[in-house]
Amino acid sequence: MLNRIREDIACVFARDPAARTRWEVFTLYPGLHAVWLHRAAHRLWRCGWKWLARAISHVARVLTGIEIHPAAQLGRRVFIDHGMGVVIGETAVLGDDCTLYHGVTLGGTSWSAGQRHPVLGRGVVVGAGAKILGPIPVGDGARIGSNAVVVKAVPAGGTVVGVPGRLVDTEAQEATPFTAYAVVQGHDDPYAQAIQRLIADTARLENEIHVLQQQLSQSRAQDAVAADTRHQMLER
Ligand SMILES: CC(C)(COP(=O)(O)OP(=O)(O)OC[C@H]1O[C@@H](n2cnc3c(N)ncnc32)[C@H](O)[C@@H]1OP(=O)(O)O)[C@@H](O)C(=O)NCCC(=O)NCCS
């Protein structure tokens with residue numbers, strides 16, 4: 001379990017340029033808390049403790065603003081950034097390494113008892129406010145633009161934007177690894193690239209300042225102890 005938590009925390013650093021320290025990520029990322037509570041709820045759901053599972057999912061929603069049905073299946077390192085307003089339906093499936101931003105709905109469009117929610121492959125990124133509706137497959141590495149409403153299957157590596165969702169520029173994303181906010185590396189405008197660099201530099205500098213502050217306060221404490229000892233020796 002600890003390994004899974006470490007893995008979840010590490011994946012935040014790979015996907016959120018604003019992440020600073022492991023402690024901060026562990027304590028202050030509601031997306032992680034929602035996923036951790038969902039794991040407990042999902043286990044209970046599978047054991048037949050359905051009311052308790054729903055109760056945990058409800059508590060998670062109150063605490064994080066993220067609603068994940070306990071029956072939904074989430075892969076490893078699924079990361080929900082910001083999170084508020086995310087809804088993941090009962091039969092939704094998310095592959096490993098998917099990233100969702102706030103306001104995303106993986107919803108159903110029918111009352112049928114079987115599969116009625118989307119099935120996301122690995123490494124899918126769903127932009128803020130996007131809705132993916134119905135039992136449709138979304139291929140590995142696909143990117144869904146913010147506020148898109150997707151009601152048709154999305155091919156692996158495809159990018160869908162707009163309402164209703166339309167496929168754009170599919171060949172550019174084939175082998176693209178994850179990038180924050182799903183922007184394509186090398187396709188950014190120079191301002192966006194400069195801002196990404198500034199964010200990374202600021203995070204690095206903040207970390208360095210934090211380490212230096214710690215060292216300074218340690219050496220001050222040591223100095224105080226040494227001064228105390230000298231003072232006591234002089235008094236004797
Ligand atoms: C969809 C997305 C992944 C595309 O990124 P990209 O590959 O860099 O694509 P581009 O910016 O070159 O845009 C491609 C086309 O889609 C359009 N487009 C991009 N995002 C769009 C969106 N959300 N809605 C509608 N159209 C969009 C562009 O205007 C462009 O259209 P054009 O070819 O007619 O000029 C990205 O714009 C996006 O929405 N990412 C999610 C970001 C997010 O949710 N951030 C939240 C952080 S808190």
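In listed order, ligands and their atoms are each counted from 1. The figures here come from the full heavy-atom set of this structure, side chains too, leaving out hydrogens, waters and symmetry mates.
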Exercise. If you count the atoms of ligand 1 from 1 in the order shown, which ones are under 4.0 Å from a heavy atom of H82?
Worked result: 48 (S)
Seminar exercise, completed: If we number the atoms of ligand 1 from 1 as shown, the ones under 4.0 Å from a heavy atom of G127 are 41 (C), 44 (O)
For this session: Using modelled atom types only, decide if a donor and an acceptor are shared between the side chain of S57 and the backbone of A53 within a distance under 3.5 Å.
Result: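 Not a single qualifying donor-acceptor pair exists.
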Problem set entry | Identity of the nearest option to atom 24 (N) of ligand 1, non-hydrogen atoms only, from A148, A142, A130, S146 |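 Shortest heavy-atom distance from atom 24 (N) of ligand 1: S146.
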For this session: Would you kindly say whether E235 and H231 are connected by a side-chain donor-acceptor distance under 3.5 Å?
Result: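 There is such a pair (donor and acceptor under 3.5 Å, judged by atom type) between the side chains of E235 and H231.
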Exercise. Any side-chain donor-acceptor pair under 3.5 Å between Y29 and D16?
Worked result: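 Checked: Y29/D16 side chains pair up, N/O donor to acceptor below 3.5 Å.
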Quick check: does [X] get an N/O under 3.5 Å from an N/O on ligand 1?
| X | answer |
| --- | --- |
| R166 | no |
| V161 | no |
| H102 | no |

Exercise. Mind checking whether V25 and F13 have side chains closer than 4.5 Å, heavy atoms only?
Worked result: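 Yes - at least one pair of side-chain heavy atoms lies under 4.5 Å apart.
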For this session: Take I68 and I80 through the test side-chain contact (heavy atoms from CB on, under 4.5 Å) and record every step on the way to the result.
Result: CA-CA 11 Å; I68 310 177; I80 303 173; 4.1 Å; yes
